[in-house]
Amino acid sequence: EEAQDASAQLAGQLDALHTLAGQFSQSRLQAGPSGELSHSSGSFRLLRPSFFAWDIENPDSQLVITDGEYLWHYDRDLETVTRRPLRSEQTATPLQVLAGDRDALRERYTVSATGRGRFQLTPRGEDTAFRQLTLVFAEGQLAGMEILDNLGQQLLIEFSELSSPPLTPEDFHFVPPEGVDLLYHER
Amino acid sequence: CAGTGGIPRDSGDWQQRESQLLALTSWEASGKIALRSAQQSDSASLRWRQDGEATHLELSGPLGMAATTVDSDGEFITLRRGDEVRHWALDDPALGEANQWDLPLAALHYWLKGVPAPGIAVQALQLDPATGLPQRLEQQGWQVDYDSFGGFGEYQLPTRLQVQRADTRARILLRQWQPGGGS
């Protein structure tokens with residue numbers, strides 16, 4: 001039926017994407033009266049099926065990276081590194097959808113096509129990291145993401161300067177720098 | 001660095017600074033927080049809105065992960081994360097054990113401005129002799145260390161501080177202050 005097609009269609013688009021790298025610009029629309037916008041930007045790269053790096057360079061400095069086993073979150077300004085196993089629900093970040101394989105996609109999300117090149121994913125699980133995600137493709141290439149977080153706040157992410165460089169797992173190896181505060185979680 | 005136990009006598013400008021900041025009852029600040037406690041440790045971006053005794057605090061990780069709000073009217077505290085909503089009295093000891101929120105919210109919103117919480121004993125207050133701004137403050141067994149300040153309107157407000165007691169420690173960066181509240 002239709003939902004199945006959308007999921008298969010999305011999986012097809014994602015399968016064509018083995019590696020991806022580029023710049024991102026993220027705008028957060030605050031829920032509530034002020035609705036004031038906060039903005040951040042940086043660079044990202046991903047190697048399917050389970051490696052990605054999201055490097056926020058402005059206005060602050062943070063790195064979210066998976067090495068296939070863990071999800072690391074290094075906050076350079078706060079000098080802390082948080083680590084969680086990749087498998088736990090809590091780490092089902094939107095980027096794992098991009099990096100995830102066909103079965104993980106169908107098993108974890110209901111997918112519906114909501115317009116030309118727009119796929120809306122709603123997590124099936126309970127305590128997930130976000131409420132809804134829309135992937136936006138233009139001319140068959142990933143153009144952006146829209147994330148509805150657990151508080152109903154909208155995050156609009158635009159990608160630019162996209163390329164498909166040759167990447168290997170070593171490009172996603174992460175070792176916490178000396179002296180940072182290690183905040184490790186077992187699940 | 002035991003310094004003076006009470007508030008230094010000779011600093012007229014400290015009294016003036018303190019009353020200026022105590023009069024600032026509505027403000028907004030945004031930045032980041034790294035919280036480390038026995039039960040829970042994480043870092044998140046932070047948006048804090050204060051109106052008198054009412055606090056509205058938004059926490060979220062990169063890519064909107066694990067977005068959480070903390071609301072308090074000075075008496076009760078409500079934590080919302082997704083559709084999970086939890087509610088406590090601020091002085092309920094279970095709040096700490098339930099590893100939901102370890103920081104003393106009622107006092108914290110004064111410490112963030114760089115002043116002691118009124119009505120509670122000040123165990124230590126150390127000022128930077130050059131600037132008259134606080135370097136360390138101790139209340140309720142909590143130690144607050146101020147690393148940097150910034151100018152925002154007519155106010156000098158903390159931009160990096162650390163709040164610590166036993167094995168609970170919060171490192172807070174405040175990039176943007178809006179004295180008098182955003183909207």
Side-chain angles (χ1 to χ4, degrees), chain A residues 24 26 28 30-36 38 40 42 44 52 54-56 59-64 71 73-75 77-84 90-96 123 126-133 145-155 157 180-185, chain B residues 26 28-49 51 56-71 78-85 99 147-148 159-162 164 167-176 178 181-183:
Chain A
F24 70 84
Q26 175 184 299
R28 172 189 294 278
Q30 305 291 37
S34 58
E36 145 259 351
S38 72
S40 65
F44 78 99
F52 68 77
W54 186 261
D55 197 345
I56 300 170
D60 63 325
S61 182
Q62 298 180 50
L63 173 66
V64 179
L71 178 74
H73 173 203
Y74 171 33
D75 191 310
D77 307 311
L78 290 169
E79 295 160 295
T80 57
V81 167
T82 309
R83 187 192 76 178
R84 283 189 164 83
Q90 262 315 305
T91 59
T93 70
L95 281 167
Q96 265 152 299
E126 288 315 318
D127 180 12
T128 56
F130 59 88
R131 201 176 287 176
Q132 203 164 70
L133 167 66
M145 290 197 297
E146 290 162 17
I147 303 169
L148 191 63
D149 74 14
N150 279 340
L151 297 172
Q153 290 174 71
Q154 190 82 12
L155 266 75
I157 296 169
V180 293
D181 212 359
L182 302 176
L183 312 176
Y184 284 8
H185 296 250
Chain B
S26 80
E28 227 177 274
S30 57
K32 301 197 286 194
I33 181 168
L35 180 64
R36 182 192 183 82
S37 67
Q39 304 89 349
Q40 200 216 357
S41 46
D42 239 315
S43 72
S45 68
L46 159 84
R47 211 166 140 258
W48 188 297
R49 239 191 356 255
D51 241 330
H56 174 69
L57 170 55
E58 287 170 18
L59 299 161
S60 68
L63 295 162
M65 286 185 332
T68 305
T69 62
V70 178
D71 282 279
T78 306
L79 278 122
R80 188 174 312 108
R81 184 189 175 110
D83 24 33
E84 180 205 338
V85 183
N99 79 51
D147 300 329
S148 64
T159 48
R160 191 180 176 112
L161 64 147
Q162 189 165 278
Q164 171 169 10
D167 52 17
T168 299
R169 184 180 60 200
R171 194 175 290 160
I172 302 171
L173 291 187
L174 297 167
R175 225 188 345 278
Q176 195 54 35
Q178 283 168 296
S183 43

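Chain identifiers are assigned alphabetically (A, B, ...) following the order of the sequence lines, protein sequences preceding nucleic acid strands; residue numbering begins at 1 within each chain. Below, each value reflects all heavy atoms present in this structure, side chains not excepted, and no hydrogens, waters or symmetry copies.
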Answer yes or no: is there a side-chain heavy-atom contact under 4.5 Å between B:Met65 and A:His73?
no

Under the salt bridge (Lys or Arg N to Asp or Glu O under 4.0 Å) rule, what do B:Arg175 and A:Asp77 come out as? Steps first, then yes or no, please.
CA-CA 11 Å; B:Arg175 225 188 345 278; A:Asp77 307 311; 5.3 Å; no

Which bit of A:Leu182 comes within less than 4.5 Å of chain B, counting heavy atoms only: side chain, backbone, both or neither?
backbone

What option among A:Ile147, A:Leu183, A:Leu78 has the most heavy-atom pairs under 4.5 Å with chain B?
A:Leu78

Apply the side-chain contact (heavy atoms from CB on, under 4.5 Å) test between B:Pro62 and each candidate in A:Val64, A:Asp60, A:Asp55, A:Leu63; give the one that qualifies.
A:Val64

Separation between CD (B:Glu58) and OG (A:Ser38), nearest 0.5 Å, reads 9.5 Å

Please report the shortest heavy-atom distance between A:Asp149 and B:Gly64, naming the atom on each side.
CB-O, 3.4 Å

Are A:Glu79 and B:Arg36 close enough for a salt bridge, meaning some N to O gap below 4.0 Å?
no

Cut-off 4.5 Å, heavy atoms of chain B, and the answer for A:Leu148 is neither

I want to check something: taking the side chain as every heavy atom from C-beta on, are B:Asp42 and A:His185 in contact at a cut-off of under 4.5 Å?
yes

Nearest 0.5 Å, what's the CG-CZ distance between A:Asp75 and B:Arg171?
9.5 Å

Mind listing the closest non-hydrogen atom pair of A:Thr80 and B:Ala34 along with its distance?
CG2-CB, 3.5 Å

Using heavy-atom distances under 4.5 Å, tell me whether A:Ile56 contacts chain B through its side chain, its backbone, both, or neither.
side chain

Is the shortest side-chain heavy-atom distance between B:Leu63 and A:Gln26 below 4.5 Å?
yes

Under 4.5 Å heavy-atom distance to chain A, tell me which part of B:Ser60 shows up: side chain, backbone, both or neither.
side chain

